[in-house]
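To keep things clear, I will list the structure first and then write my remarks on it.
The chains referred to below are lettered A, B, ... by the order of the sequence lines, with proteins before strands, and numbering in each begins at 1. Just so it is clear, the structure is predicted and the values come from calculations on it, not from any experiment.
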Number of protein chains: 2
Amino acid sequence: MAQPGLKSRTVAAAIAEALRTDILSGALASGAQLRQDALAGAYGVSRIPVREALLALEGEGLVQIVPHKGAVVSALSAAEVGDVFDLRILLEPRLARASIPLLTREDLAELDAIQARFAEAVARQDRALWGALNAQLHLTMYRRAPLPRSLVLVAGLLQTSERYTRMQMARAAADRRAAAEHAQLVALCRTGKAEAAATLLAAHIEAVRADMLALMQAAG
Amino acid sequence: MAQPGLKSRTVAAAIAEALRTDILSGALASGAQLRQDALAGAYGVSRIPVREALLALEGEGLVQIVPHKGAVVSALSAAEVGDVFDLRILLEPRLARASIPLLTREDLAELDAIQARFAEAVARQDRALWGALNAQLHLTMYRRAPLPRSLVLVAGLLQTSERYTRMQMARAAADRRAAAEHAQLVALCRTGKAEAAATLLAAHIEAVRADMLALMQAAG
DNA sequence: ATTTTGTATATTGTATACAATCTTGGAGTC
DNA sequence: GACTCCAAGATTGTATACAATATACAAAAT
């Protein structure tokens with residue numbers, strides 16, 4: 001998700017990356033106030049790069065900035081979570097169909113690698129890693145689709161999902177099924193069965209969505 | 001598109017609004033370099049709010065920022081334009097179905113007003129206004145859909161379209177048809193025929209898309 | 001007691017100043 | 001002539017300082 005080799009080219013980007021990680025991992029909960037001075041102090045920088053990081057995160061929808069009031073980690077309503085998954089069901093199979101026939105040998109190798117690390121993360125119950133790898137796997141599958149805007153939008157949807165799949169992964173049953181489906185998806189990519197992959201994908205996302213909403217219902 | 005009653009609550013927001021208008025109207029062409037100092041001088045402010053405005057616009061996809069190199073008005077490839085219209089065809093009918101049954105009397109009155117101003121703009125060949133009103137009309141139709149993320153995404157797609165519909169409107173034939181279709185859409189909204197509106201909408205966007213791509217082919 | 005109002009404090013927004021990075025042009029080398 | 005290298009200028013990135021706005025709490029008024 002973050003290509004800039006672990007140390008960013010700019011302080012603002014580094015702060016943004018750190019905050020993004022903390023929000024996606026849940027270390028910063030929805031509704032948390034993000035004080036510029038506090039963040040600047042914590043990272044040992046001035047408020048300027050902090051402000052720019054917050055601006056960038058607002059663009060990604062991770063925080064909400066109210067003029068003269070400050071930044072807050074954005075919260076999603078149940079309606080929005082449902083909408084996000086509906087959109088994924090609408091858009092991801094389309095990307096799969098457009099991309100899978102164009103995947104290279106290198107892409108397939110990368111998918112294998114991600115899938116392996118994914119399975120490992122599932123086994124170790126490492127939920128933070130799980131979310132990142134899940135998004136990475138999906139995006140790598142779609143990488144070759146000549147649909148640049150769709151890719152950007154789906155990347156955003158996956159990032160939003162990432163914040164919520166963490167709770168979902170509390171369920172041992174669900175994570176096992178997800179891992180199995182991912183393995184099937186990679187196999188279908190390898191054999192070039194784009195249509196079958198698209199169909200499975202829709203079912204896959206639908207299953208995650210159902211789990212998620214049930215869990216949100218239960219947990220409030 | 002810009003609720004903040006014409007004078008923004010913050011300098012950065014005002015700069016962003018001004019730049020956005022210039023980009024959407026074509027006053028700032030794709031690929032144009034945006035120098036912080038020059039903008040700061042032109043607006044009589046320091047570079048800080050200019051930087052923050054650019055950050056915001058990057059989040060909207062209107063400019064692209066390269067670290068230590070600066071901001072450039074983003075250009076769209078033919079592939080991306082096609083993708084944007086495909087996405088609109090995919091998403092807008094869905095929003096229409098979800099929203100139209102929930103439209104209030106006030107919403108319908110607003111649609112009438114926008115439609116009237118729209119027809120006027122078409123008659124006067126005012127293309128800058130045309131684009132803004134087109135986006136406003138569509139978004140007002142979808143306003144009541146309980147699909148917050150979809151609304152955000154479609155707003156972005158409409159904004160992108162806005163930059164390109166301006167050239168399309170050079171064609172007298174196309175703009176007349178668009179105006180007529182808009183009138184039909186508003187009528188269908190009033191009578192609550194959501195399904196018919198969704199169908200017409202798909203055809204409407206498809207027609208605009210075809211015109212657009214033909215024009216891009218011709219103009220390069 | 002409730003509301004209002006004012007003031008002190010906290011927090012964000014912007015300007016100025018400085019540091020880091022990139023670009024440009026020419027001198028020198030092969 | 002093409003290339004490398006280096007220095008000066010241009011441009012962006014960040015820190016510090018100040019201004020504007022919002023928040024919290026106490027005093028005053030009804």
Side-chain angles (χ1 to χ4, degrees), chain A residues 2-23 28-75, chain B residues 2-23 28-75:
Chain A
Q3 0 259 73
L6 286 124
K7 67 166 129 188
S8 291
R9 209 143 193 65
T10 187
V11 176
I15 306 281
E17 190 176 332
L19 287 176
R20 181 165 32 236
T21 301
D22 283 353
I23 293 172
L28 285 171
S30 293
Q33 272 273 357
L34 300 175
R35 296 295 177 196
Q36 300 173 5
D37 252 324
L39 293 172
Y43 290 106
V45 300
S46 86
R47 275 171 45 223
I48 298 289
V50 171
R51 287 177 62 82
E52 302 198 343
L54 292 173
L55 263 290
L57 293 178
E58 188 188 33
E60 301 175 23
L62 291 178
V63 312
Q64 194 171 355
I65 299 179
V66 181
H68 297 115
K69 282 209 52 179
V72 181
V73 179
S74 66
Chain B
Q3 357 259 76
L6 285 126
K7 68 166 128 187
S8 292
R9 211 145 191 64
T10 185
V11 176
I15 306 280
E17 191 176 331
L19 288 176
R20 181 165 34 235
T21 301
D22 283 352
I23 293 173
L28 285 172
S30 293
Q33 273 272 359
L34 300 175
R35 296 296 177 197
Q36 300 175 4
D37 253 324
L39 293 172
Y43 290 106
V45 300
S46 86
R47 276 170 44 222
I48 298 289
V50 171
R51 288 177 61 82
E52 301 198 344
L54 291 174
L55 263 291
L57 293 178
E58 188 188 34
E60 300 175 24
L62 290 178
V63 311
Q64 193 171 354
I65 298 179
V66 181
H68 296 116
K69 280 209 51 177
V72 182
V73 178
S74 66

Exercise. Sub-3.5 Å donor-acceptor pair from the side chain of Ser30(A) to the main-chain atoms of Val73(A), do we have one?
Worked result: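 Not a single qualifying donor-acceptor pair exists.
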Exercise. For Glu60(A), does the CD atom sit with more than 12 other heavy atoms under 6.0 Å from it, leaving out its own atoms?
Worked result: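 Yes, because the 6.0 Å sphere around CD of Glu60(A) holds more than 12 heavy atoms from other groups.
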Problem set entry | Bend angle of the helix from dA1(C)-dT30(D) to dC30(C)-dG1(D), from helix axes over five pairs at each end, nearest 10° |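 The angle separating the two end axes equals 10°.
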Minimum heavy-atom distance [X]-[Y], with the two atoms named:
X: Glu52(A); Y: Leu55(B); value: O-CD1, 4.0 Å
X: Pro49(A); Y: Val11(A); value: CB-CG1, 3.9 Å
X: Ala16(B); Y: Ala53(B); value: N-CB, 3.6 Å

For this session: Taking the side chain as every heavy atom from C-beta outward, state whether Gln36(B) and Leu54(B) have any atom pair closer than 4.5 Å.
Result: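 Heavy-atom side-chain distance check passes, below 4.5 Å.
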Exercise. Heavy-atom distance under 4.5 Å between the side chains of Leu34(A) and Leu28(A), does that happen here?
Worked result: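 Yes. Closest side-chain heavy atoms under 4.5 Å.
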Exercise. Taking protein heavy atoms under 4.0 Å as touching, what does nucleotides 5-16 of chain C look like 5' to 3' if B marks base contact, S marks sugar-phosphate-only contact and - marks none?
Worked result: ------SBBBBB
